Amino acid sequence: MIKKTPKGQPSTAEPILQELAQEHELPRLIMEHRTLSKLKSTYTDKLPEMIQKTGRIHTSYHQAITATGRLSSTDPNLQNIPIRSTEGRRIRQAFVAPKGYKLVAADYSQVELRIMAHLSQDPGLLDAFTKDADVHKATAAEVFDVSLEDVTTEQRRRAKAINFGLIYGMSAFGLAKQLGIGRPEAGKYIKRYFERYPGVQQYMENTRESAKEKGYVETIYGRRLYLPDIKAKNAMMRQAAERTAINAPMQGSAADIIKRAMINMHDWLAETDLDVKMIMQVHDELIFEVAEKDLDAAQKKIVDIMQNSSQIDVPLLVEAGVGGNWDEAH
DNA sequence: GAGGGGAGCGCG
DNA sequence: AAAGCGCGCTCCCCTC
């Protein structure tokens, strides 16, 4: 079965090749070539050319580009440095601390799901985060109706896909495709989820309604995203706007939270005697360069500022790692 | 030679 | 008919 692009050409998109790879050797080789040539052309070849007089690569951050309030990063984009593949990680390993220094990477744990708990006030979700439970595991136990101890790796993986899917406004169709299961089964999972977390379902419905009524959605700190297409006659346009309406308060509130932390971080950095610099932001993560002698004190303060710059109805948890390079710091 | 747009793919 | 949010960069093809 050859899938076509909108222009009628045979599609060579990744998921299609994945399927074709079951039967043929070539698609796998094409995928492998794409991965490696992407890494080479975008990172391995380019980044060394971008080293400045300082001996460093300096990105530009833009504060007024994204619809949700995130920063964006260009020339080079340091918010898409590889991490998911082992070959890719070798590029991340090239980001190193100077002698006598270490990198500290501090990231918010599941911040968007925590915001979903806050916004929806769903008792089950609030409870999971308040108890600092493994939220994907807890979701698996609810959706698959097993005890926490009996959750399998596969069930946890599926629950994780459900949790992410919800943040993006995904349908049963999308979940089925994501998990490689049938649509009816995916529909069952979603139904179970909403039975167990009714506050979340209510929140989703309220958000769609409110977006239609007001023409915008907003973050917990009140930044708005206007959605003119929410009333579109074209169902595809309208549904896309509805998914944006669901996602934007969570993604946008997460952006607000890290921005507040960065402002407080700046104030602390201006007054502290510790040898520490804030050098990068990657959406839910801040990276610092810290003198080895100040590591413990700095790490503690960094986590403290990130966790306490905003208050929502569940704890904000920050996990910090230390390493000689950016990969190790994770 | 510059710039637009699509396909594809890197990240959260 | 489409079906998962938000970005930026490279490659390729096309137009001006």
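Note that the structure is predicted; figures quoted are calculated from it, not measured. Order of the sequence lines fixes the chain letters, A, B, ..., with proteins taken first and strands second; residue numbering starts at 1 for each chain. Atom set for the values below is all heavy atoms of this structure, side chains included, hydrogens, waters and symmetry mates excluded.
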Original post:
Who are the salt bridge (charged side-chain N to carboxylate O under 4.0 Å, His left out) partners of Arg56(A), not counting sequence neighbours?
Top reply: Glu289(A)
**OP:** Only counting residues at least two apart or in another chain, list the ones meeting salt bridge (charged side-chain N to carboxylate O under 4.0 Å, His left out) with Asp127(A).
**Re:** Lys131(A)
Original post:
How would you list all residue pairs meeting side chain to side chain donor-acceptor pair (under 3.5 Å) that involve residues 97-109 of chain A, not counting sequence neighbours?
Top reply: Tyr101(A)-Asp275(A)
Subject >> side chain to side chain donor-acceptor pair (under 3.5 Å): pairs with one or both residues in residues 208-218 of chain A, sequence neighbours excluded >> reply: Tyr216(A)-Arg224(A)
**OP:** Taking only Lys NZ, Arg NE, NH1 and NH2, and the carboxylate oxygens of Asp or Glu, determine whether Arg192(A) and Glu185(A) approach each other closer than 4.0 Å.
**Re:** no
Original post:
Base, sugar-phosphate alone, or nothing: which one does Asp75(A) contact when heavy atoms must sit under 4.0 Å apart?
Top reply: sugar-phosphate
Original post:
Base, sugar-phosphate, or nothing for Ile81(A), non-hydrogen atoms under 4.0 angstrom?
Top reply: sugar-phosphate
Subject >> Under the ring-ring contact (aromatic ring centres under 6.0 Å, His included) test, residues paired with Tyr168(A) that sit two or more places apart >> reply: none
**OP:** Name all residues meeting the ring-ring contact (aromatic ring centres under 6.0 Å, His included) criterion together with Phe288(A); count only those two or more places apart in sequence or in a different chain, and write none if there are none.
**Re:** none
[X] [atom1] to [N] [atom2], straight-line distance once rounded to whole Å:
X	N	atom1	atom2	result
Asp45(A)	dT10(C)	CG	P	10 Å
Leu39(A)	dC11(C)	CG	C1'	15 Å
Lys40(A)	dG10(B)	NZ	P	16 Å

**OP:** Just do the side-chain contact (heavy atoms from CB on, under 4.5 Å) check on Thr207(A) and Val217(A) with the steps written out, would you?
**Re:** CA-CA 7 Å; Thr207(A) 301; Val217(A) 291; 4.1 Å; yes
Contacting residues from [range], given that a heavy atom lies under 4.0 angstrom of DNA chain C:
range	result
residues 235-263 of chain A	Met236(A), Arg243(A), Thr244(A), Asn247(A), Gln251(A)
residues 193-212 of chain A	none
residues 47-71 of chain A	Ile65(A), Thr66(A), Ala67(A), Thr68(A), Arg70(A)

Original post:
Going by atom types only, do Tyr221(A) and Ser310(A) share a side-chain donor-acceptor pair under 3.5 Å?
Top reply: yes
Original post:
With rounding to whole Å, what would you report as the distance between dA1(C) and dC9(B) at their C1' atoms?
Top reply: 26 Å
Original post:
Axis-to-axis angle across the helix from dG1(B)-dC16(C) to dG12(B)-dC5(C), five pairs an end, to 10 degrees?
Top reply: 10°
Subject >> Close residues, residues 278-286 of chain A, relative to DNA chain B [heavy-atom separation under 4.0 Å] >> reply: Val282(A), His283(A), Asp284(A)
**OP:** Output every pair passing ring-ring contact (aromatic ring centres under 6.0 Å, His included) with a member in residues 130-160 of chain A, not counting sequence neighbours, ordered by first then second residue.
**Re:** Phe144(A)-Tyr189(A)
